[in-house]
Structures are given as structure tokens and as C-alpha cells.
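Below: one structure, written as C-alpha cells.
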Amino acid sequence: MISSIEANLKSFDLPEDYVKFLHEFDSAVLFRTLRQGGGCSILSPQLVIQYWKGYSIDHPYYIAWSSHSLGCICVDQDRLDSGNGYLTWFESMDPDNPIDIDLTFTEWLDKLIEHEGKEFWIPFHEEEE
């Protein structure tokens, strides 16, 4: 399993904490309900590659989808080694105005759980709390 993940992602510059997560879980669906749907899907290595091929872009790489606001969490390779976090949010309806999330994958996942699945990185969600 580990070698197949490494083989699939060897040409991608992905953060170590995200790759470690994939070694343990491959993917995840968090905070989805049977009645309302929604939730956040952390993508498997296969889906990371599928989205990358489907959108024909070099980076950023999509690593998670949110069904609440229909958008994606991406790894911004230009900020990967900045020490200030490297995640970026692209909303499906407004892809020209990404939101930098100055967190690592692990920090983002911890905060997502702490906020019970609410998209804390989107300004209008901060006002609701």
C-alpha cells in the first residue's frame, strides 16, 4: 500500500503531513450527514491525480473537496516551504478569488474537527460563530 501511494504521488510536490495521512487512511469523508449531505472529502491519491489530469494544471494540487460551499482545498507549492502554511481555498463559483489558508494539512484538519466541519476559513463562516 505505501509503495503504491509513493509511486502514484512521486511526481507531485505534496506536504509530508498529507502524505502521512494517506499512508494511514487513503482518503476520508468527514461531517457528511444522511439527510443534509455536505461534508468534506479528503481525496485519495488516485483522485488527486484525476483532478490534476482533468484540469490540466501544474499546481495547485487539489487535496480536499467541501460539499457545503462547493469548493476545494489545494496545496500551493509556491508556499509549501514558507513556514506559514500552504493551503488555499478555491470556491467553485468564484475560482478567480482564492483564499489563502495559512495552515498545514494537519493544522487545517485539527481546526476542521474543532469547528465541527464548518468552513472556518471562509470569512462569512467566521461571522456566524
Side-chain angles (χ1 to χ4, degrees):
M1 175 77 171
I2 290 175
S3 61
S4 68
I5 290 171
E6 289 170 352
N8 283 335
L9 297 176
K10 71 179 180 181
S11 63
F12 291 79
D13 190 12
L14 293 171
E16 188 177 316
D17 58 344
Y18 174 65
V19 174
K20 282 182 182 178
F21 176 88
L22 294 176
H23 285 287
E24 289 289 320
F25 302 104
D26 184 61
S27 64
V29 176
L30 306 169
F31 302 104
R32 182 173 293 161
T33 66
L34 291 176
R35 274 181 16 164
Q36 296 177 347
C40 187
S41 300
I42 299 172
L43 303 178
S44 68
Q46 295 78 13
L47 284 175
V48 169
I49 293 167
Q50 261 184 320
Y51 282 115
W52 174 73
K53 286 180 178 177
Y55 288 103
S56 301
I57 56 173
D58 289 334
H59 72 282
Y61 299 126
Y62 300 174
I63 62 168
W65 266 121
S66 176
S67 298
H68 296 296
S69 295
L70 296 176
C72 59
I73 300 288
C74 301
V75 172
D76 183 345
Q77 284 73 26
D78 295 335
R79 297 182 4 209
L80 197 56
D81 296 318
S82 71
N84 296 324
Y86 46 76
L87 297 179
T88 299
W89 167 255
F90 284 92
E91 191 170 349
S92 297
M93 300 304 288
D94 194 12
D96 294 329
N97 293 304
I99 297 172
D100 287 340
I101 306 171
D102 293 326
L103 298 171
T104 65
F105 173 76
T106 301
E107 292 166 340
W108 170 80
L109 185 58
D110 287 346
K111 260 188 119 161
L112 182 68
I113 293 167
E114 182 181 307
H115 286 84
E116 298 177 346
K118 291 183 183 132
E119 296 164 323
F120 63 88
W121 57 91
I122 299 176
F124 70 86
H125 283 290
E126 289 175 355
E127 295 167 8
E128 292 174 359
E129 295 180 11

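Numbering of residues begins at 1 and proceeds along the displayed sequence. Just the heavy atoms: all of them, side chains too, but no hydrogens, waters or symmetry mates, feed the values below.
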* Asked: Which distance, rounded to the nearest 0.5 Å, do you find between the CZ of Phe90 and the CD1 of Ile99?
  -> 10.5 Å
* Any chance you could measure Phe105, atom CZ, to Glu16, atom CD, to the nearest 0.5 Å? => 13.0 Å
* **Distance in Å, Asp26 CG paired with Ile42 CD1, rounded so as to fall on 0.5 Å steps** => 11.5 Å
* Of all heavy-atom pairs between Ala28 and Phe21, which one has the smallest distance, and what is that distance? -> CB-CZ, 3.8 Å
* **Pairwise distance OH(Tyr18) to CG(Leu80) - rounded to 0.5 angstrom** => 13.0 Å
* Structure fact -> All heavy atoms of Ser82 vs all of Gly85, minimum pair found to be OG-O, 3.4 Å
* Beyond-backbone contact of Cys40 with Phe31, side-chain heavy atoms, under 4.5 angstrom -> no
* From Leu30 atom CG to Ser41 atom OG, the distance as rounded to the nearest 0.5 Å -> 8.0 Å
* **Contact summary for Ser44 and Ser27, nearest pair of heavy atoms** => N-CB, 3.7 Å
* Gap separating the CD1 atom of Ile101 from the OG1 atom of Thr88, nearest 0.5 angstrom -> 7.0 Å
* Sub-4.5 Å side-chain heavy-atom contact between Leu87 and Val75 -> yes
* Check the pair Trp121, Ile73 against side chain to side chain contact (heavy atoms under 4.5 Å, CB included), reporting the backbone distance first and the verdict last. => CA-CA 10 Å; Trp121 57 91; Ile73 300 288; 3.8 Å; yes
Residues 106-113 side chain polar contacts: donor-acceptor under 3.5 Å, at least two apart:
{"residue": "Thr106", "atom": "OG1", "partner": "Asp17", "partner atom": "OD2", "Å": "3.0"}
{"residue": "Glu107", "atom": "OE1", "partner": "Thr104", "partner atom": "N", "Å": "2.8"}
{"residue": "Glu107", "atom": "OE1", "partner": "Thr104", "partner atom": "OG1", "Å": "3.4"}

* Residues Lys20 and Glu24 bridged, charged N to O under 4.0 Å -> no
* Asked: Can you tell if the side chain of Glu114 reaches within under 4.5 Å of the side chain of Phe120, non-hydrogen atoms only?
  -> no
